[in-house]
Structure formats: C-alpha cells, structure tokens
Amino acid sequence: MRLLPGPLRRRREPAPAPTDGRPDGDLRKGHEAVALEHEREAARERRREAIADVPIAVVGWLDERTGAGPFLRGFLYRKVPKGTNWFYTLGSATMFAFISQAVTGVFLAMYYRPSATQAYESIQHIQNDVFLGQLVRGMHKWGASVMMVLIFLHMGRTFFFGAYKYPRELNWIIGVVLIVLTMVMGLTGYLLPFDQRSFWATVVAVNLNSSGPIIGPYLADFLRGGAEFGATTISRFYAIHMLLVPGLIAALIGIHLYLVAKLGTTAPPWLKAEKARDLAKEEI
Ligand code: HEM
C-alpha cells in the first residue's frame with residue numbers, strides 16, 4: 001500500500017539516437033548500444049523504485065495491522081497552547097535522562113557483579129580495563145544527578161504553571177510517584193559500588209527508614225533482607241535498582257505521556273491572566 005504520492009525522483013530523458021554522417025553499419029551498432037543502455041537504465045530505475053518503496057511498504061504494513069497511524073498522528077501533530085516555551089521541554093529532558101540511565105545501566109550490568117566480595121573489584125575493572133567503561137560509568141553516575149535536578153525543575157514548572165489542577169490531578173499524582181521512585185533509584189544505586197562511603201551512607205539511610213512510623217521497621221528489614229546488613233542486601237538492592245523500579249518508572253512514564261497527549265498541556269499563567277482581563281473588559 002502506498003501512503004505517499006508518486007515518487008519524487010528525477011526522470012532521465014532518453015539519450016538522442018546518433019544522427020551524425022556515419023555509415024549505415026556503424027549507425028545500427030550505435031542504435032543497439034543505445035537500446036541496451038536504455039534497457040539497463042530502466043532495470044536500474046526499477047531497482048531504485050523497489051528500494052524506495054520498502055520503508056513506505058513497511059510503515060503501511062505496520063499501520064494496517066496495529067492501527068497506530070491515527071494515534072501517532074494525533075500524538076505528534078497535537079496542538080500546543082500559545083506561549084509554549086522552553087520550560088515545557090523539562091519533562092522530555094527528564095525522559096531523555098531516564099533513557100540515558102537505562103542504556104548506560106545495561107552496559108554496566110554486563111560487567112558488574114552484585115556480590116559483597118566482588119562488587120568493588122568489578123567496579124574497578126569497569127573503570128580501569130573495560131573499553132569506554134570509565135565514560136559509561138561516569139555518564140550513569142552523573143546522569144543520576146542530572147535526572148534528579150531535571151525532575152525537580154519539571155515538577156516546579158508544572159506547579160508554578162498551575163498544571164496540577166483539574167483535570168490534570170492524576171498526572172500530578174503519577175508525577176509524585178515517579179519522583180519517589182527516582183529517589184529510590186538513587187538510594188539503591190548508591191550502595192552498588194560497595195566502597196566505604198556507599199556502604200556507610202546506605203547503613204544510615206536504611207536506619208533512617210527504620211525509624212519511620214508503622215511501616216518503617218518492616219521497610220528497613222525488607223531493604224536489608226533481614227535484621228542486619230548481610231550478603232543478600234547487595235543483591236536485593238541490585239534487583240530493585242535494575243529491574244523493579246526501572247520497570248515501574250517506564251510504565252508510569254507511559255501513562256504520564258498518554259495523559260499529557262489526551263489532556264494537552266496547560267497554557268502559561270500570564271496568558272490565562274491576559275485572557276481573564278480581556279473577558280472582564282468585554283463584560284464592562
Ligand atoms: C520520570 C519523570 C517524568 C517524566 C519523564 C515526565 C515527562 C513529562 C512530559 C514529557 C510532559 C509534557 C511536557 C512538559 O510539560 O514538560 C509532562 C507533563 C506533566 N508532568 Fe511530568 N514527567 C515526569 C515527572 C513528573 C513529576 C515528578 C511531576 C509532578 C509531581 C509531573 C507532573 C506533570 C504534569 C502535571 C504535567 C502536565 C503539564 C501541563 O499540563 O502543562 N511530572 N511530563
């Protein structure tokens with residue numbers, strides 16, 4: 001199925017037949033050569049056409065089977081309010097930071113060993129021996145802070161633009177869960193290098209958790225994998241850090257974006273104020 005109008009390629013004009021004063025035999029040979037060349041050119045053209053049609057055919061094939069076309073068109077071409085500015089890119093920037101964390105995390109996971117006796121050495125190995133290991137680890141470590149900063153800035157934007165109000169309360173609540181999960185990523189990731197600083201910082205953090213009301217002690221036991229820090233603690237933190245929480249975050253980002261596409265974004269507050277002033281003038 002073709003979705004786009006005819007191909008926009010340049011058509012070649014056929015080469016003119018030789019009409020110089022050469023003898024008849026030469027002329028016939030010349031005609032044959034030109035005809036052969038035309039045939040070859042036509043075959044090349046057919047091949048080019050077939051190649052150019054492939055992506056369109058693939059998109060059409062997928063569209064017919066998933067019906068994703070109208071959804072994607074609605075999502076990509078949706079209208080945004082007048083006055084939309086750079087502050088509205090903070091959500092997408094947060095998402096980019098998350099994707100970068102996921103990608104660098106996958107590469108780190110190929111070399112990291114979540115065991116109390118091997119974790120520290122595996123990090124040293126990533127830093128000193130693995131090709132681009134230092135860069136990837138640096139991106140993951142600093143990227144975590146970047147994501148924290150961006151998520152808070154994005155939350156600030158939605159708060160100061162009044163985007164938490166009706167009908168976007170649910171998206172705000174999902175956002176709050178996302179910010180808590182991002183902090184859990186920070187906490188669980190901090191232990192993984194398993195050096196003195198990460199170990200004792202995590203001991204303090206888990207002890208703080210245990211002093212919380214009602215669920216505090218249970219939460220601390222769950223995180224430690226028992227009453228004391230032990231061999232299971234690090235593998236538990238690793239599983240939470242690389243499987244449980246990223247899965248939850250990815251799913252919640254999906255719902256968050258669906259709601260953004262469905263409800264649209266809020267206009268900047270100064271435009272709302274202008275509109276209210278204009279309406280008040282009209283009433284007078
Ligand atoms: C992983 C974290 C997050 C990602 C990837 C994300 C992504 C996005 C994106 C792409 C948008 C649309 C564009 C924009 O306004 O920037 C958006 C809108 C929104 N986000 Fe987030 N967000 C995250 C966390 C949060 C948090 C922590 C909150 C608040 C507690 C929040 C509340 C909202 C609200 C209320 C909107 C609607 C904005 C409007 O209507 O103008 N989000 N988010």
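Predicted model only: the values in this text are computed from it and were never measured. Values below: every heavy atom of this structure, side chains too, minus hydrogens, waters and symmetry copies. Read the numbers this way: they start at 1 and go in the same order the structure lists the ligands and their atoms.
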Open item on the list: If the cut-off is 4.0 Å to any non-hydrogen atom of Met95, which atoms of ligand 1 fall inside it?
Closed with: 5 (C)
Open item on the list: How long is the straight-line distance from CD of Gln118 back to CD1 of Ile234, given to the nearest 0.5 Å?
Closed with: 10.0 Å
Open item on the list: When you compare the side chains of Ser210 and Asn207, does any donor N or O come within less than 3.5 Å of an acceptor on the partner?
Closed with: no
TODO: Can you sort out which atoms of ligand 1 are near Thr266, meaning under 4.0 Å from one of its heavy atoms?
DONE: 39 (C), 40 (O), 41 (O)
Open item on the list: As an exercise, identify every atom of ligand 1 less than 4.0 angstrom from a heavy atom of Ala163.
Closed with: 35 (C), 38 (C), 39 (C), 40 (O), 41 (O)
Open item on the list: Using a 4.0 Å heavy-atom cut-off, which part of Ile253 comes near ligand 1: side chain, backbone, both, or neither?
Closed with: side chain
Open item on the list: Need the ligand 1 atom indices (1-based, order shown) with element for anything under 4.0 Å from a heavy-atom of Gly264.
Closed with: 40 (O)
Task: Parallel, tilted or perpendicular: ring planes of His140 versus His241, cut at 30 and 60 degrees - done: perpendicular
Task: Worked verdict on Ile179 versus Met155 for side chain to side chain contact (heavy atoms under 4.5 Å, CB included) - done: CA-CA 9 Å; Ile179 219 166; Met155 185 171 79; 3.7 Å; yes
Open item on the list: Below 4.0 Å from ligand 1: does a non-hydrogen atom of Phe161 turn up there or not?
Closed with: no
- [ ] Using distance alone, decide if ligand 1 has a nitrogen or oxygen within less than 3.5 Å of any nitrogen or oxygen in Trp172.
- [x] no
Open item on the list: Check this for me: does any side-chain nitrogen of one of Glu37 and Arg44 sit under 4.0 Å from a carboxylate oxygen of the other?
Closed with: yes
- [ ] For ligand 1, find out whether one of its N or O atoms is nearer than 3.5 Å to an N or O atom of Thr89.
- [x] no
Open item on the list: Strictly under 2.8 Å of atom 21 (Fe) of ligand 1: which protein N/O/S atoms qualify?
Closed with: His154 NE2, His256 NE2
TODO: Just grab all the ring-ring contact (aromatic ring centres under 6.0 Å, His included) pairs involving residues 90-122, residues at least two apart or on different chains.
DONE: Tyr112-Tyr238
Task: Heavy atom of the protein closest to atom 15 (O) of ligand 1 (residue, atom name, distance) - done: Arg157 NH2, 2.4 Å
- [ ] Indicate yes or no: at least one non-hydrogen side-chain atom of Ile240 is less than 4.5 angstrom from one of Ser235.
- [x] no
Open item on the list: Looking only at protein heavy atoms, which one is nearest to atom 14 (C) of ligand 1, and what is the separation?
Closed with: Tyr88 O, 3.3 Å
Open item on the list: One residue to check: Leu257. Relative to ligand 1, which of side chain, backbone, both or neither has a non-hydrogen atom less than 4.0 Å away?
Closed with: side chain
Open item on the list: Would you say the ring centers of Phe237 and Tyr190 fall short of 6.0 Å from each other?
Closed with: no
- [ ] Decide if atom CH2 of Trp270 counts as having more than 12 heavy atoms of other residues, nucleotides or ligands within a radius under 6.0 Å.
- [x] yes
- [ ] Could you tell me the separation between the CZ atom of Phe194 and the OG1 atom of Thr117, rounded to the nearest 0.5 Å?
- [x] 9.0 Å
- [ ] Enumerate the atoms of ligand 1 whose separation from the nearest heavy atom of Val176 is less than 4.0 angstrom.
- [x] 30 (C)
- [ ] Measure the CD1-OH distance between Ile174 and Tyr258 for me, rounded to the nearest 0.5 Å.
- [x] 11.0 Å
